[in-house]
Each structure stands twice: as C-alpha cells, then as structure tokens.
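Structure first, commentary second.
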Amino acid sequence: MTALSSVDKYPGGEPSGPPPVRGSGGEGAEPPGSAALAPRSFLARNPSVFWFLAILIGFTALVTVLSPALGAEVISTSFIKTLGKTLCLCLVALAMDVVWGYTGILSLGHMAFFALGGYMIGQWLMYARTEEIVLTSLAGTPIPPTAAEVAQGVATQIFGVVGSSEMPAIWSFAHSLPAQLALVVLVPGLLAFLFGWLAFRSRVTGVYLSILTQAMTLALSLYLFQNDSGLRGNNGLSGLQNLPGAAQIGQDRLSLWFFWASAAALALTYLLLAWALSGKFGSVLRAIRDDEARVRFLGYPVEAYKIFVFTGTAVLCGLAGALYYPQAGIINPAELAPIASIYLAVWVAIGGRGRLYGAVLGAVFVSLLSSWFTGGRAPSIPLGFYTVNWVDWWQVLLGLAFVLVTLFAPKGLGGLVDMAQKIRTPDRKGAPLGPDDGALQEREAQE
Amino acid sequence: MSALLEVSGVSVTFDGFRAINNLSFTIGPAEMRAVIGPNGAGKTTFMDIVTGKTKPDTGKVLWGEKSVSLLSLSEAQIARAGIGRKFQRPTVFEDQSVAENLVLALKSPRGPLAALRFALSGPGRDRVLDLAREVGLSDHLARKAGELSHGQKQWLEIAMLLAQEPRLLLVDEPAAGMTGVEREHTTAMLVEMARTRAVVVVEHDMDFVRRLNCKVTVLHEGSVLAEGSLDHVTSDPTVIDVYLGRG
Ligand SMILES: Nc1ncnc2c1ncn2[C@@H]1O[C@H](COP(=O)(O)OP(=O)(O)OP(=O)(O)O)[C@@H](O)[C@H]1O
Ligand SMILES: [Mg+2]
C-alpha cells in the first residue's frame, strides 16, 4: 500500500458540473458512505465462522464423550472412522468451493490430488508397518538380520502380490515419515502447478478446462491400475489403519485421535480460507469468476491467480487425503476414478457454491446420506411389479437432485440459510449467477 | 513534446475482413482527443489493439518515454503500465458492492500474495470516498453494483478508471444512457482528467464532442480520414461524404 500514500488527490477536487446525486453529509461530519468502508473485525466480516467453530467443537466433544475409547459404547469405532472421514471430505469440499464456487474453475480432478496425498502417506504407513513385521519374524533367527535382508523381506512382503520382490524407485523415501509428509504436499502441489501452468497460461477455460482435468484424472488412475506402476496396481495400499510403533494402542483410541486431527484440520482450514476470501483476495477471485477479461484490464495477472488457487487447493486436498486414508485403511486406484471428482462437484453444488459453509453442508449431507443408502440400511420400496433397491437407485436420485438443484436452486442448501435470514437477493438484471459450466456435469452425473 | 502513445501502420484482419487498415495515431502525455466515425469504423477495435485484447497483423504500438512496444505485453501488463479503459457497455462486478469494485480498481500491487496481504489504508479509504462522492455514489457504497441503474454503473466504471490512476484513458462512448445534466458532468470530469493525463474519447454525439473542445480524429473503414479541430474536420468534404452526410 505504499504506492497509495504518494497518490495525489483527484486534481481539482470538486467537479464543475452539477453532480447527479449527492450524499447528504454535513460539514465536518464523517464523509458520507464511510460506514461501508470502516474496518470491521474478522468475525463481523465472517459471521459463519463463529457458528461453524461452535458446532464443530460441540460435535467433536459429543463424539468424544460417546466414543468407545472413553468406555461409552454408544457409537462404534467404525462409525467414528466414518465421521472422521466425513470431516476430511468436508476439507476437500472447501477446496473445491474455493476453486469452483469462488474462482469459477470447474475442476473435475481434485479428488485425484486427494488420493495422491493418501498414497504418499500410505507408502510410509505400509513400509514402516511391514518393516516391523519382518523384524519380528526375523528376531528368532540366531544371526541378527542385515539391513539388506530386512529391506528384501519388506519388498517381498509388499510386492509379492504383484509378482515382484524389488522395491521400486518411488519407494526410496518410504522409510522416512518427514519425507513422505513433504511428498503429501509436494506431489499434488507440483502436479497441479504443472497442469495449471500449461492449461491456464494457454487460456483454456470453461468446459474445455473441465474436460482436461478429467483427462488428467483418468490418465493418473489408469497408470496406477498397472501392476508395474510401483504402487501395487489395483491392489493399492492396505493396512493403513495400523500406525507403525503403535500396535499396543487400540483402534478405538486411534480412531478418536484421527477424528480429532481431522476436526482440527477442518477448523484451521475454515479459518484460513474465511480470512483469505473475505478480503481483497476473495474479491479478486469472485471478479475473475464473473468477468476475467475485465479483471485483466484492471491489471491483475489472472493466470497467476488461477495457478495459485488451483495449486493451493490441490495441496489442501493432498493433506485431506493424508488424514482420510489412515482412517479408511485402504487406498486403490479406484479412489481417483474420474467419477469421484464429479461427485465432489455435486456435493458443492448441492451445498451451495460460493460460500464456505455451503461446501461443508453439501459434503456432510450427501456423503452421509450416500453411505446410508448404499450401506443397505435404507428400506427397499416394493412397488409390486418392481422393487426399488436403494443401493442401485441412490445414484439416480443423486443425479436427479443435482439437476434439480442446478436448475431451480442454484444456491443449494445454503439458500435455505439465506431464506432463514431473509437476505434479499440482489436483482442482477438477468446476469448469470456464476460460472455456467453446469451442463457438463449434469450430463455426466446422470450417467 | 514527445508522444505518450504512438500507433503506426497498424492493420488487423478478421476472417479476411480488414477492420483496421494502416492506422496511425499519436497522443501526448496531457492531451484530450476525440475519436469519431460511423458504426463499424474500427474505433473499438483500435482500443482493443492498444489494450492488448487484439493483436494486430502488422504495425507498431509504442508506449511512454522509453518507447516500449505494447505488442509483446499481456492485457494485465499493459494495464499496469498505465492504460485504463472504459468499455462501451458498462462492465462492473455486479455481484460485489460498489466499495469492493472501487477497492479492486484502486492502484495497488496486483499479485496474489499482495492481494492476500492487502488492507485498506487511511489514504486508500479517503481516495475511495472521494471518488464515490465525485460520481454521486456515496450513499450506495454498500450496495451491490448489480442493483445500480445503467447510468450509475457508467459512473462507477468511470470512478474505477480514476482509481487505477492511468496515464492514458481510453473511454468508449461514456455518455451513452446519460441525461443531459449527467453528460455535462461527464464532460467536465473528462476535461479535468485531461489536464494531467492523456484521454481518448470515442463518442457519436457531436454536441458532446464539441463541449470537449479538443482535437478530433475521424476514423473510417479502419484508417484515419481526417484530423484537426471539430470545425476543421466537419467542413472536410470527404468527412461530410462518408459520415455526416449520412447521419
Ligand atoms: N472479434 C471480431 N471478429 C470479427 N470481426 C470483428 C471483431 N471485432 C470487430 N470486428 C469488425 O470490425 C469492424 C470494426 O468494429 P468496431 O467494433 O471497432 O467498430 P466501432 O467503430 O467501435 O463501431 P461502433 O460505433 O458501432 O461501436 C466491424 O465491422 C466489426 O464487425
Ligand atoms: Mg464501438
């Protein structure tokens, strides 16, 4: 802001002609309109932050009290894992909302970054855990095993399933937790940066960009399905729920720890994003979403913003994946199938894009509903001639809900909050409500 | 007097149609220029070329004391170099408040990290308030720009242009959709601006151009037909033939 202090006032000050409308500020009083520019506190600018944190903290406390780790057998360990995983999905939904709802980039590839984060942490979990097992089994032998023998044992254990006993080069850092944690950030970050560099700088936008992100996701998942990809092909990585060196700690406690970590990560991310988006940065992103050409003529490097947002949200997804997959226990290439990223867009659309809590609402609502329907707990509906089995029909229902929301309630569930607050929606004189790329996923979601 | 902007020998072809044909144009650092010409003469395309939206097939566009070529710069770089533009249709960010629109335009570092660190300083706030007062939008700062009337959007865009502090302003039909009183106010503001910077105004309304009281460039079929005072060009027989005669 140093540039501003040297700025001269508008030369001449008062215009000579009669101004069309004038504010009615008296002499010496606050200049008219200054209230709209007065600095406001963080919470005043982000009223949702208080409610979000209060609900999240309350919820975390409740789950903790009811958890098996504290002796109360009200909710099961596996349900705590489901809740913890849902919090991680909320994190990804936040990232998707920033990239799509705020910046207008309909990325259909962010679940790939999520899965990459999972793979990176999974490598360490699996390696370190297998090493423990190998060491224990070799402990009985009279001569202590050499490092090479241990490494060979680990490689055979992990890669026997794909008919190999050699450790691929991409496992070079798998023994080191700090290195794999760095990769959780670096691998999705670098991939997103490279993609953004190529796509945004050549000004690919709209549906074409969405298709490119799908292509990237598909290519990555097909590559990982191969047995010689170095990541165990379609077997993926498993046993990730077992923390190395923590065998004596039960899953009931571990699940609670991961639940807490997920809640903390979600809270921190929400705070960080609310801060970034409520200021000028958020204003620029929304401007890019609504009219990127105009933003360029104001001097903003639009491509740099897009690459920044795309990469930043990819890193966020990677971190979310690193928290999610230890709770899921297993990761395989199906996790980054293109459809997963489309679902992510559906969550955000149903929750209400362009507002952070909308993304969280959508992720919680749809993913919990989805696990209820597909978990076989929803009662089938016998129609006499046909029985509606929800495991099959849930997808149709979701696709339909998505189409209806896109057509009739573009604000999604978040619109309900508006209604409750009686916020008058601005008359936009027929202008579009944001990025109009919905058509692509509508079709795909129905498939 | 050295030129601030020098366009020479520029041509642009759209699908075989030559929209700009060997156009040359020069403007000094504190000068007002009116550009007139019939519909389709290439006035908007000329602005597209200067602001980097359209790349010409041939010709040179040189900027500033160091005669930097604008042809190799992106739109954003050209805007940062000091060229501001007002579009024919008012384009403001409808989903954001009037205040947010002005803060977006306010001269400041433009990168993502700078935007993250940005906080509206005292002088910046004063500047936004001054600009809003000047265009009569003080009472509307908190409203969404999309709720404004057509004329108010024009004013907001003019205020945004001023907030950018450009050295050259390209203004495309500023008075469209304004009442007589508002037109006079716009004229006064443009004349005031041209005291410290270069202003190029495209306008169809001859009364408006007359009040600007400046040199006039007549465009026709993508090249300069005549240049000089309004009286001079309006008495030029070729101008009368292609433009005034028909209107
Ligand atoms: N992107 C484009 N593609 C094809 N033709 C174009 C393009 N932009 C402009 N043209 C053509 O170039 C010619 C000049 O257009 P331009 O918009 O510059 O005219 P103008 O002088 O601004 O007219 P008006 O007074 O109506 O605003 C027109 O015939 C127009 O159809
Ligand atoms: Mg035009």
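Chain naming here is simple, since letters A, B, ... match the order of the sequence lines and numbering starts at 1 in each.
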Give every donor-acceptor pair under 3.5 Å between a side-chain atom in residues 42-53 of chain B and any protein atom, sequence neighbours left out.
from, atom 1, to, atom 2, distance (Å)
B:K43, NZ, B:G37, O, 3.0
B:K43, NZ, B:P38, O, 3.1
B:T44, OG1, B:Q88, OE1, 3.1
B:T44, OG1, B:D172, OD2, 2.9
B:D48, OD1, B:R85, NH1, 2.8
B:D48, OD1, B:R85, NH2, 2.7
B:T51, OG1, B:M47, O, 2.7
B:T51, OG1, B:D48, O, 3.4
B:T51, OG1, B:R85, NH1, 3.1

**Item:** Smallest separation among heavy atoms of A:R289 and B:D95, with atom names
**Value:** NH2-OD2, 3.0 Å
**Asked** Looking at A:Y305 and B:A115, what are the two nearest heavy atoms and their distance?
**Response** OH-CB, 3.3 Å
**Item:** Interchain contact, B:L113 with chain A, by part (heavy-atom threshold 4.5 Å)
**Value:** side chain
**Request:** Determine whether A:F297 and B:L170 make a side-chain contact, defined as any pair of heavy atoms from C-beta on separated by less than 4.5 Å.
**Result:** no
**Request:** Between chain A and each of B:G111, B:A142, B:S74, B:A145, count heavy-atom pairs under 4.5 Å; write down the option with the most.
**Result:** B:G111
**Message:** Tell me if a side-chain donor or acceptor on A:R286 pairs with a main-chain N or O of B:Q96 at a distance below 3.5 Å.
**Reply:** no
**Prompt:** CZ of A:F42: more than 12 outside heavy atoms within 6.0 angstrom?
**Reply:** yes
**Message:** To the closest 0.5 Å, what do you measure between CD (B:E75) and CD (A:E292)?
**Reply:** 9.5 Å
**Request:** Please name the pair of heavy atoms, one in B:R80 and one in A:G299, separated by the smallest distance, quoted to 0.1 Å.
**Result:** NH1-O, 2.7 Å
**Request:** Flag yes if more than 12 heavy atoms outside B:N213 fall under 6.0 Å of its CG atom; otherwise flag no.
**Result:** no
**Message:** Please classify the contact between B:E100 and chain A as side chain, backbone, both or neither, with a heavy-atom cut-off of under 4.5 Å.
**Reply:** both
**Prompt:** So, does B:R110 use its side chain to make a donor-acceptor pair with the main chain of A:L298 at under 3.5 Å?
**Reply:** yes
**Fill in**
Comparing B:A81, B:A76, B:P112 against chain A, the one with the most heavy-atom pairs below 4.5 Å turns out to be B:P112
**Item:** Side chain, backbone, both or neither of B:A105 within contact of chain A (heavy atoms, under 4.5 Å)
**Value:** both
**Asked** Non-hydrogen atoms of chain B under 4.5 Å away: do they reach the side chain of A:V295, the backbone, both or neither?
**Response** both
**Request:** Identify the residues of residues 274-282 of chain A whose heavy atoms come closer than 4.5 Å to a heavy atom of chain B, ordered by number, or report 'none'.
**Result:** A:W275, A:A276, A:K280, A:F281
**Prompt:** Under 4.5 Å between any side-chain heavy atoms of B:L116 and A:F308, yes or no?
**Reply:** yes
